[in-house]
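Since the structure comes first, as structure tokens, the remarks are kept for the end.
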Amino acid sequence: MKQKPVSAALQPFLEGKMLLLNKPLHWTSFDVVKKVRIATGISKVGHAGTLDPLATGLLIVCTGGFTKKINDFMGLDKVYTGTITLGAVTPSFDLETEPEPVADVQNIPESAIYAVTQQFIGNILQMPPQHSAIKKDGKPLYLSARKGITVEVQPRPITIHAFEITSIELPIVHFRVHCSTGTYIRSLANDFGAALGVGGYLSSLCRTAIGEYTLDNAMEIAGFEAQIAMLKNTYNL
């Protein structure tokens with residue numbers, strides 16, 4: 001995409017900016033990128049790590065010359081909070097597909113829920129979900145998964161630095177995870193439910209940190225658009 005001339009007010013975005021934005025629920029990560037492109041007029045914009053449409057939270061977006069730094073940000077550890085619903089599974093490991101009941105969970109002792117997290121802490125191998133953008137023979141897995149076709153993939157090495165249960169309201173379990181890049185929290189939720197013998201799926205997710213960058217310092221999309229509009233208006237006065 002050819003870069004059109006931008007006003008002096010937006011020149012810093014052309015030279016390069018790193019933006020911390022809060023991705024809304026149901027938006028794709030690319031929806032946020034498009035919003036930044038439209039607001040700033042900068043053609044070269046990218047994000048540093050996809051969030052699924054059903055997830056919210058911190059998205060690092062780079063503009064102009066800072067797009068060269070995207071790979072550096074993508075390699076950073078991540079922190080997530082969210083909920084796992086026990087007693088059912090879904091093909092996508094989250095609410096993209098319909099839950100299928102597995103077992104009653106009311107008699108699971110809380111001590112077992114806390115204890116099973118220890119199985120996942122450290123360096124482990126994780127099987128990616130079939131409903132993912134990982135490519136096999138040049139095609140994203142989710143294209144086959146949506147047709148009911150299972151594609152053979154290999155487990156991937158990841159690191160879970162911390163897996164904390166923050167509260168329990170069965171069948172819902174609230175958690176916080178600090179993990180390496182490449183970790184699928186959907187797979188963790190599915191594996192967690194399997195380890196308890198009752199099934200489980202990811203029912204909500206929020207990314208709260210990428211390396212040293214936190215959601216507390218992120219802007220809402222509307223706030224970012226207002227900031228850009230103010231820059232344009234101030235320069236035109």
With sequence neighbours excluded, tell me which residues meet side-chain contact (heavy atoms from CB on, under 4.5 Å) with [X].
{"X": "S29", "answer": "K23, H47, T50, L51, L59"}
{"X": "K68", "answer": "none"}
{"X": "P12", "answer": "K17"}
{"X": "K35", "answer": "W27, I221, E225"}

Could you report the tightest heavy-atom contact between [X] and [Y], atom names first, then the distance?
{"X": "C206", "Y": "L215", "value": "SG-CD2, 3.6 Å"}
{"X": "P101", "Y": "A88", "value": "CA-CB, 4.0 Å"}
{"X": "P91", "Y": "T97", "value": "CD-OG1, 3.2 Å"}
{"X": "L58", "Y": "A218", "value": "CD1-CB, 3.9 Å"}
{"X": "P155", "Y": "P128", "value": "CA-CD, 4.4 Å"}
{"X": "Q126", "Y": "G182", "value": "OE1-O, 4.2 Å"}

Treating Ile, Leu, Val, Met, Phe, Trp and Tyr as nodes and any side-chain heavy-atom pair under 4.5 angstrom as an edge, say whether [X] and [Y] lie in one connected cluster.
{"X": "I165", "Y": "L196", "result": "yes"}
{"X": "L205", "Y": "L76", "result": "no"}
{"X": "I210", "Y": "V177", "result": "no"}
{"X": "M18", "Y": "M74", "result": "no"}
{"X": "F30", "Y": "V32", "result": "yes"}

Mind checking what makes side chain to side chain donor-acceptor pair (under 3.5 Å) contact with T181, not counting sequence neighbours? K78

For S203, which residues count as a side chain to side chain donor-acceptor pair (under 3.5 Å) partner, sequence neighbours excluded?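 By the side chain to side chain donor-acceptor pair (under 3.5 Å) rule, S203 matches T83, T85.
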
Taking the side chain as every heavy atom from C-beta outward, state whether F224 and L19 have any pair of such atoms under 4.5 Å apart.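 Result yes, sub-4.5 Å side-chain heavy-atom pair found.
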
Below 4.5 Å, heavy atoms only, C-beta onward: do L20 and M219 meet side chain to side chain?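 L20 does not reach M219 side chain to side chain.
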
Between the side chain of [X] and the main-chain N/O of [Y], is any donor-acceptor distance below 3.5 Å?
{"X": "E164", "Y": "R176", "value": "no"}
{"X": "S92", "Y": "D94", "value": "yes"}
{"X": "R37", "Y": "V45", "value": "yes"}
{"X": "D77", "Y": "G211", "value": "no"}
{"X": "D31", "Y": "T28", "value": "yes"}

Pairs flagged by ring-ring contact (aromatic ring centres under 6.0 Å, His included) wherever residues 154-180 is involved - sequence neighbours left out: H161-H178, F163-F192

Scan for ring-ring contact (aromatic ring centres under 6.0 Å, His included) pairs involving residues 52-80, sequence neighbours excluded, and state none if there are none. F73-Y213

Full working for side-chain contact (heavy atoms from CB on, under 4.5 Å) between I228 and T40: CA-CA 7 Å; I228 297 301; T40 63; 3.9 Å; yes

Rounded to the nearest 0.5 Å, how far apart are [atom1] of [X] and [atom2] of [Y]?
{"X": "C179", "Y": "I185", "atom1": "SG", "atom2": "CD1", "answer": "4.0 Å"}
{"X": "L188", "Y": "T183", "atom1": "CG", "atom2": "OG1", "answer": "8.0 Å"}
{"X": "E98", "Y": "T90", "atom1": "CD", "atom2": "OG1", "answer": "9.0 Å"}
{"X": "I60", "Y": "R207", "atom1": "CD1", "atom2": "CZ", "answer": "7.5 Å"}

List, by chain and then residue number, the residues other than L54 in its hydrophobic cluster (Ile/Leu/Val/Met/Phe/Trp/Tyr, side-chain heavy atoms under 4.5 Å); write none if there are no others. L95, Y201

Share the residues that join V89 in a hydrophobic cluster, the rule being Ile, Leu, Val, Met, Phe, Trp or Tyr side chains under 4.5 Å apart at the heavy-atom level. V102

May I have the list of side-chain donor-acceptor pairs in residues 105-112 shorter than 3.5 Å, sequence neighbours left out?
none

Mind listing the side-chain donor-acceptor pairs of residues 115-123 below 3.5 Å, one per line with the distance, residues two or more places apart or on another chain?
| from | atom 1 | to | atom 2 | distance (Å) |
| --- | --- | --- | --- | --- |
| T117 | OG1 | Y114 | O | 2.7 |
| N123 | OD1 | T159 | OG1 | 2.7 |

Any donor-acceptor N or O pair under 3.5 Å, side chains S187, N190: no

With side-chain contact (heavy atoms from CB on, under 4.5 Å) as the test, would you mind laying out the steps for I113 and V173 before giving the verdict? CA-CA 9 Å; I113 294 174; V173 175; 4.2 Å; yes

